[in-house]
Enquirer: 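Structure below; questions to follow.
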Number of protein chains: 2
Amino acid sequence: MKIGELAQRTGVSASTIRYYEDQGILPKPKRQASGYRVYDDTSMQKLMLIRYSLQLGFSLQELQQLLTDEYDQQALMQSIDAKMAEMERNIAKLRAQKAELKKLQQTLSQAWQAGQCPNIDLG
Amino acid sequence: MKIGELAQRTGVSASTIRYYEDQGILPKPKRQASGYRVYDDTSMQKLMLIRYSLQLGFSLQELQQLLTDEYDQQALMQSIDAKMAEMERNIAKLRAQKAELKKLQQTLSQAWQAGQCPNIDLG
DNA sequence: GTTGACCTTCAAGTAAACTTTAAGGTTATT
DNA sequence: AATAACCTTAAAGTTTACTTGAAGGTCAAC
């Protein structure tokens with residue numbers, strides 16, 4: 001199939017597919033005599049694995065490393081562990097921010113009820 | 001005080017302070033005859049409020065809107081609610097991703113123990 | 001009176017993951 | 001043979017929050 005069909009079947013735009021190829025994340029496909037890229041089902045599976053991994057929270061750079069370094073079971077498990085730990089940190093940060101916001105909201109609310117206009121004016 | 005001192009006292013670099021000014025987030029300060037920016041304690045408080053808000057998860061763009069629109073209690077409360085809801089969505093997403101990763105890890109682990117080499121090869 | 005530290009503006013660079021544009025070649029259909 | 005739909009490359013634009021660089025002005029000290 002040509003790039004347009006692969007794009008349509010995967011929901012990944014043709015320019016994004018070319019971009020992945022440029023970045024060395026999707027292997028270079030064969031070409032027709034005309035120069036058109038030709039993909040098969042394996043290409044499609046690889047592309048879908050890339051998208052799945054992105055969805056799981058890996059960056060293209062991380063994928064590139066996982067793909068270029070020869071990695072073994074252990075290395076892969078460690079990468080996944082590291083990613084999960086990173087997510088946990090992000091979750092903790094978001095929770096803390098949200099708690100701070102809640103506090104701020106309550107502080108403001110009380111101040112307003114007390115008729116004060118707390119100093120949050122930047123103008 | 002001049003920009004360097006403000007920078008040092010707040011831990012915000014001089015170029016970042018100028019950037020906030022360019023973006024219309026920090027008001028334009030007075031100038032010396034020489035053209036040097038002159039700040040006072042109020043400027044410093046405003047700068048620190050900006051950094052606090054960024055830390056709470058607001059973007060510069062959001063701050064700009066909160067600063068330029070005349071906002072009232074209700075509008076501010078709604079902005080905070082919206083931000084908290086956004087954070088909640090992000091937390092949920094991270095949790096889901098993490099759970100997916102855990103599942104993947106277990107699947108891989110089992111496959112390996114069964115002597116299979118699951119197809120996660122992109123090369 | 002010059003050295004060094006500090007200030008000015010404007011423009012461009014950075015990271016991430018793409019998208020858009022420009023200019024042009026190919027293929028299928030009419 | 002012309003038109004549309006599709007493909008090619010290379011380069012530049014997008015977003016966010018800055019940082020860096022270039023070229024030059026100012027100020028305090030020696």
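These numbers come from the heavy atoms of this one structure, side chains and all, not from hydrogens, waters or symmetry mates.
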Enquirer: Is any NZ, NE, NH1 or NH2 atom of the basic residue among A:Arg31 and A:Glu21 found under 4.0 Å from an Asp or Glu carboxylate oxygen of the other?
Expert: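 Looking at A:Arg31 and A:Glu21, the cut-off is met.
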Enquirer: Rounded to whole Å, how long is the line connecting atom CD of A:Glu5 with atom C1' of D:dC6?
Expert: 13 Å
Enquirer: Can you tell me the distance, in whole Å, between the CD atom of B:Glu21 and the C1' atom of D:dC18?
Expert: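 These atoms are roughly 15 Å apart.
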Enquirer: If I take atom CG in residue A:Leu6 and atom P in nucleotide D:dC6, what distance separates them, rounded to the nearest angstrom?
Expert: 15 Å
Enquirer: Specify the separation, in whole Å, of atom CG of B:Leu47 and atom P of D:dC18.
Expert: 10 Å
Enquirer: To the nearest Å, how far apart are A:Asp22 CG and D:dA12 C1'?
Expert: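 Distance, rounded to whole Å: 14 Å.
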Enquirer: Examine A:Leu56 and A:Tyr20 and state if one hydrophobic cluster contains both, with Ile, Leu, Val, Met, Phe, Trp and Tyr joined whenever side-chain heavy atoms are less than 4.5 Å apart.
Expert: yes
Enquirer: Below the 4.0 Å mark, does C:dC6 have OP1 or OP2 next to a side-chain nitrogen or oxygen of B:Arg18?
Expert: no
Enquirer: For A:Lys102 and B:Glu88: C-alpha separation, side-chain torsions, deciding distance, then whether salt bridge (Lys or Arg N to Asp or Glu O under 4.0 Å) applies.
Expert: CA-CA 12 Å; A:Lys102 196 87 208 163; B:Glu88 204 44 68; over 6 Å; no
Enquirer: Roughly, in whole Å, what's the span from CD1 in A:Ile3 to P in D:dT9?
Expert: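 Answer to the nearest Å: 9 Å.
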Enquirer: Under a 3.5 Å cutoff, is there a donor and acceptor pairing between the side chains of B:Glu100 and A:Tyr52?
Expert: yes
Enquirer: For B:Leu63 and D:dT16, give me the distance from atom CG to atom P, rounded to whole Å.
Expert: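 Atom CG in B:Leu63 sits about 13 Å away from atom P in D:dT16.
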Enquirer: Will you find, in the side chains of B:Arg9 and B:Tyr39, an N or O donor that is under 3.5 Å from an N or O acceptor?
Expert: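 No.
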Enquirer: Examine the side chains of B:Gln32 and B:Ser34 and answer whether a donor and an acceptor come within less than 3.5 Å of each other.
Expert: yes
Enquirer: So, OP1 or OP2 of D:dT9: does either fall under 4.0 Å of a side-chain N or O from A:Arg37?
Expert: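 Answer yes for this pair, as a side-chain N or O of A:Arg37 is under 4.0 Å from OP1 or OP2.
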Enquirer: Starting from C1' on D:dT8, measure out to OH on A:Tyr39 and report it in whole angstrom.
Expert: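 Taking OH of A:Tyr39 and C1' of D:dT8, I get 12 Å after rounding.
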Enquirer: What does the B/S/- profile of nucleotides 17-30 of chain C look like, 5' to 3', with a 4.0 Å heavy-atom cutoff to protein?
Expert: BBSB----BBS---
